Each structure stands twice: as C-alpha cells, then as structure tokens.
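Since we're looking at a predicted model, the values are computed, not measured. Letters A, B, ... mirror the listed sequences (proteins, then strands); counts begin at 1.
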Protein chains: 2
Amino acid sequence: MTITDVARHAKVSRQTVSNVINAPELVREGTRRRVLESIEALGYRASQAARQMRTGRSRLIATRIEPAEDGINGTIHDRFLHGLTESAAGFGYRVLLYTAHDDQSEIAAVDDLLAAYEPDAFVLTGTHHGDVRTAWLAERRLPFVTFGRPWSMPEGPSHPWVDVDGAAGTAAATRHLLDTGHRRIGFIGWPTGSGVGDDRRAGWARTLAAAGVDPAGLDRTTDDGVATGEKAAGDLLDADRPATALLCASDSLALGASHAALSRGGGWRADGGGGTPIAVIGFDDTSVARATGLTSVSQPLSEAAACCVALLARILDGDEASAGEDGSATTRVLLQPSLVRRQSA
Amino acid sequence: MTITDVARHAKVSRQTVSNVINAPELVREGTRRRVLESIEALGYRASQAARQMRTGRSRLIATRIEPAEDGINGTIHDRFLHGLTESAAGFGYRVLLYTAHDDQSEIAAVDDLLAAYEPDAFVLTGTHHGDVRTAWLAERRLPFVTFGRPWSMPEGPSHPWVDVDGAAGTAAATRHLLDTGHRRIGFIGWPTGSGVGDDRRAGWARTLAAAGVDPAGLDRTTDDGVATGEKAAGDLLDADRPATALLCASDSLALGASHAALSRGGGWRADGGGGTPIAVIGFDDTSVARATGLTSVSQPLSEAAACCVALLARILDGDEASAGEDGSATTRVLLQPSLVRRQSA
DNA sequence: TTGAAAGCGCTAACAT
DNA sequence: ATGTTAGCGCTTTCAA
C-alpha cells in the first residue's frame, strides 16, 4: 500500500497525492476530494520511514522512563508520560522511550537515539542544579523542552521549559493550615540544594513570615522516605513547643508524618482522642495520598505534558506567526498546583 | 554522517561497510577491523529510517501506556514499562508508546501505528476474558506477546505470552499464614470472571483445602479499592467466627483491610493491645506496601518484561536453532511471584 | 572478498 | 494545477 497505489486508484500522479497530503491548497477541489476518497478507500497512510528519509523529520519525541525509583513519588512520572503520549498523538507525534541512570548515561542514550532514530525532539524531566543535559542539547541545537525549571542557569539564554510552581503549592497549603487555626506549622523537607525542595520550603517560609509566625524550630530537613518522615515528624511533635500541623515536601514524608501523629494519639485517623487532630499535608497527590485520605498538593501533570508538547510543536512545526519578538516570550510555562483536601487537614 | 563517509574514511566501498555491519563473516579480518575503526572514529550509526526502507524492519516495539487508573496498582505497569525499555534496548529495539481506553480504541491505535511507523511487534498488557485484541493481531499475523495469559482461548492455537502465577503467590501467602498459626484466613478478592482475580482466589482456596481448613464464611468479593477493602475486612472481622488474617487480591484492598484491623485494635500497627495482631497480606508489592510495611506478593516485573522481549526477539530475529518441534514449546512463560514479608504478617 | 547497480516510498524542485 | 525527475541512506542482488 503505497502512494502509487493511491495515485493509480484516483487516476492522478503520485505527486498529486503527495500534494493533497502535504500541500492541499495546491490541488483543485475536485481532484483533492477524489484523492482523499481513494486514500480513505484504500486505508492508506504514508510510511513514516520514507517520509523521514525525504524530510529528515521522524515525528518522534523521545523521553526517558525512570525506574520508578522511590516508589511513592515515582508514580507521577507515569502520569506525566501518559499525558505526553496523548498530547503528542494530537500533534501527530509519537513518544519513544529510553532509559538512563544518570545525566551522563542519559546523554549517551540521547546520542545513540539521535544517530539511529533521529527523534525530532526530547523531553527532559527532573532538572536539577548543575544539569549537564540541557547544555549538551543546547550546544547541538537540538529541540527540547524540560519539565522542570533550569535551576542553575548562569544567566545566558534559557531553553523552553514547563514547570509547576511548587512554592505556590506549599504556600496555599500553609495558608489553608493558618486558616484552620494552626500556628505551629512544621515543614519537613529535603536537604538544601535540590531546587524543587528549596522551592517547596520557600513557599511555606514566606507564607509563615507574611502571617507573622516565627518559624523557629519548625523546619526539619531529611532525605525522602517514610521512615525519615516519621522520625522528623516525631521530632517536631515531641518538641517543647510541638507543631500542630505538618507540611511535607512529599507524600512519602507525609505518610511517615501521619504515622508519627497517629502513634502519638493525635493523628487524624485517631477518631476522637480529644483536642484538634494533628494536620498533615503531603505533596504530589500520589496514589498513597488518595488511598489514605491524605491532603496533598496536586500537580497538573496532564496539563504540564500538554504544554511540553505544545511548546515543541511550535518549535518543530515552526509556527512563525506565534513567535514573540525575541522568540522566547512564551517558551516558559509555570503552572499552578492545587490543594486536594482530604481527611488529614 | 552516512555509510558513504565511513567507506571513504576506511577506503572501501559503501557495500563493504554495510557487510561489516550486517554480515561480518563475509569481510576479511583486516578490512573489517579497519572499517570498524572508521565507524568508531566517525561515531557512525546506521540510519534506522533508511534501513527500514530497505529491510522493512523498524526495530520498534509498540506498547500501550495506561492511564495509571486506580492509582495504587497502576504503578506496576510503570515498572513493567521500564523493564521493557531496558530489555528491548539490549536487543537493539526501542519502545514506542500509544494510548487507548479500551480494546477497540487500542486496535485502532495499533492499526494507525502499523501503517505509519510499522513497529515490528506489540506487547499487550492486561489480557482479559473476551479479549478481542489478540485475535485481531493474530489474524493479521502480526508478531506480539501478551503480558498476561489468554484467559479465554477457545482451544485453538495460542499466542506467546508471559505471566506471573498469581495462584502460586496467594498459595504461598496462605501457607505462610498457616505456618504462623492462623486458621481463620479470610480472602478479599474481586468479583468472579476477571481471570487474574479468580486465579488469585484459587491459590488461597486450594491451600486452605489442602490444610483441611473450612473456607466457609471466609471469602469476600468486592470491587477494588481502599474503602471497599476496609468494608469487606470489617465484615470478616466482625463475623461470629472472625478472621484472624486477611489475604487480599490487591494492595488497595489490603490497605483498606489494615485500616479495618487497626480501627478494631487488632492491626499490626497497634503496638501491643494484647493477643496476636490481625495479619494482612496484599498483592503486587506496590509502593504503598513498601511504604506502610504491608506484606505483599511481589511480581517479578523486570523479569516478565525481559521475557516478553526475549520471546519477541526470538520471533523477529528468527533464531531457528532454538525453535521447538512445533515452534511453540517455549513461547509461554509462567513466572513465580515471591512473598515480601514485612511487619503486617 | 570486494564493488556496482538497483530500488525501498516518499517529497522538493522543476517542467509542463 | 498536475506530472516528471531526482535522491534521501541503506541493503539485496549480482558481477568482478
């Protein structure tokens, strides 16, 4: 089933069929309809390989699939990937997967892919300080978008990115806790330097400051995990001036925190028990949060994925009309997360 | 960077370079080394598109990415996908994604993909009774493997598949509970007819039978979910002859069950409280199980993915030598799950 | 063992 | 508005 078959069926030349597909305005109405009917009748679809040879475009977007590392937080990558695949299809692109375990091996994987499959663009996730991947891609003038801000851009021209405003998320969560009457709102986050983590902490800190609450002794730093979260929460709850609410940088930490609250008789699951229950809020709205009734900050992942694809489509399919003055005006998207309220806060 | 550049660099004809890559035994040692050096030096890799035009092989494996539906159990698909991508790369294949929301739309997606990208094979997940996808693919003689048994094959020739022996998993879990002294071991599973669910229930039932334990009043059927699991577990725990252990068809159900146990003071998290704690075991060893200390039956997902790829590679790269008498001897793989013991049982 | 010729299906440039 | 020509990079004959 080739373009020649269609041409024969529609009694036109091969080229006319090609024109109907790629430059319909060049073909007379009647001819076009006849060709389209033939295409329909024969169920023809252009071979991507042949097309790629000619045009140099593969209509493939490559992205890395992560090992679902930590388990709880890994699930968000899954949702992002699904959104990406769906949105890409809408623009006539397909998603090609590769694996890697660090920046360097990802560069190697990208290089490999490039030579063989020539993906038109890349979507990078998990940007971090000192990310060498973006520079590598930028140097080679390869089209790409990151899901995640460039956390350490030494000035210079940036690249297109989509991200979720984590600080706004924790700020909203903190505000909610303040509104519920809490003053001693603890924060359990990751060690300084992680970009994402610092951002989330910042939203909490600035909201507390704006409300005139002293954050002294309310900030805890720990690696991600349920056990570490439980320990840090224990710290905050057993302090001289104990926290009454715990905001966490991840659902893993929050799950641990709610265990700590529970074992001290102040958890939201400990029905009754006297006094206001200890509030706990997580981040990412993972399956665990949904399943356990944990209030959590939710990232609009499908939307983020859709933005990534839209950005790429604009770059690749060169919609000149929408390019800003400097061409970079709308290549940065910061999406707002939302607080999903459940039983825990 | 084409094969011509390499030929020039190595001072041989284009064809010889191609032979070095595709039929090394035809090329004299010295020439081959020289060509390989040129390939290395230039960083050449064959264009997949051009190769595909000639050979009709895309070295692409297509699979569906699911919407991470239920949340908790969806994460296993993620892990499978990662394994698939990694294993495929080992055989020189890449994984191409598509989405669909039911059998019919999946067939449409596959059909679409086929015409444009010509993937060499498909990996189908989530087989079920009355699955129309496999028949569709088989009719067209398209290479594919399913992760999941054909649950309703009306005799006839089957297709290659890889699955995990769910019954063996629940059997092992039941045996473990029996060994720990439990006799009243309840099972909370999905409504009859789901293949996977029936299988898991069967392992429990036959192990109880083998131990001479009467299963009367110990079997509960409910849709998947945390809330439904909690309710069913409540039923079993509040019965005249209450269950002392709860085996569940999923981690979602198990999570609900452990909540029920907890609220009745018999949960494994209720330290002390007198008497043996109520044991709970889940299925799939998801992040939730890991995070909450839930004992769960673990599926070897990377291995399953590796088997899928290996099966496909054998079919596609036609390793005649390893083909059995009837060619189907080793196209069905049933992997054994393992019980991951944690605090809950 | 190596090289030359042909052609996979498509589209960009040019000719009609 | 439609048709003709050429060639993308590769591999499969076939010839040397």
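Remark: side-chain polar atoms of B:Arg32 are not paired, donor with acceptor, to backbone N or O of B:Val20 under 3.5 angstrom. At distances below 3.5 Å, at least one donor-acceptor pair connects side-chain atoms of B:Ser105 with backbone N or O atoms of B:His101. With hydrogens and angles ignored, the 3.5 Å screen pairs a side-chain donor or acceptor of B:Asp5 with a backbone N or O of B:Thr2. Checked by atom type and distance alone, the side chain of A:Thr16 never pairs as donor or acceptor with a backbone atom of A:Val12 at under 3.5 Å. Between the side chain of A:His129 and the backbone N or O of A:Pro150 there is no donor-acceptor pair closer than 3.5 Å. Using a distance-only test at 3.5 Å, with no hydrogens or angles considered, no donor-acceptor pair links the side chain of A:Arg54 to the main chain of A:Ala50.
By the side chain to side chain donor-acceptor pair (under 3.5 Å) test, B:Thr125 pairs with B:Glu66, sequence neighbours left out. The side chain to side chain donor-acceptor pair (under 3.5 Å) test applied to B:Arg94 returns no partner, not counting sequence neighbours. For B:Ala306, the side-chain contact (heavy atoms from CB on, under 4.5 Å) criterion is met by B:Ser87, not counting sequence neighbours.
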**Message:** What does the B/S/- profile of nucleotides 7-16 of chain D look like, 5' to 3', with a 4.0 Å heavy-atom cutoff to protein?
**Reply:** BBBBBB----

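Figure legend: A:Arg64 and A:Tyr98 shown without cation-pi pairing, the cationic atom not lying both under 6.0 angstrom from the six-membered ring centre and within 45 degrees of its axis.
For DNA chain C, the contact window with chain A, defined by any atom under 4.0 Å from a protein heavy atom, covers C:dG9 to C:dA13 in 5' to 3' order.
One axis for each end of the helix from C:dT1-D:dA16 to C:dT16-D:dA1, each built from five base pairs, and the angle between them comes to 40° at 10° resolution.
Between D:dT2 and A:Thr31, a contact under 4.0 Å exists linking OP1 or OP2 to a side-chain N or O.
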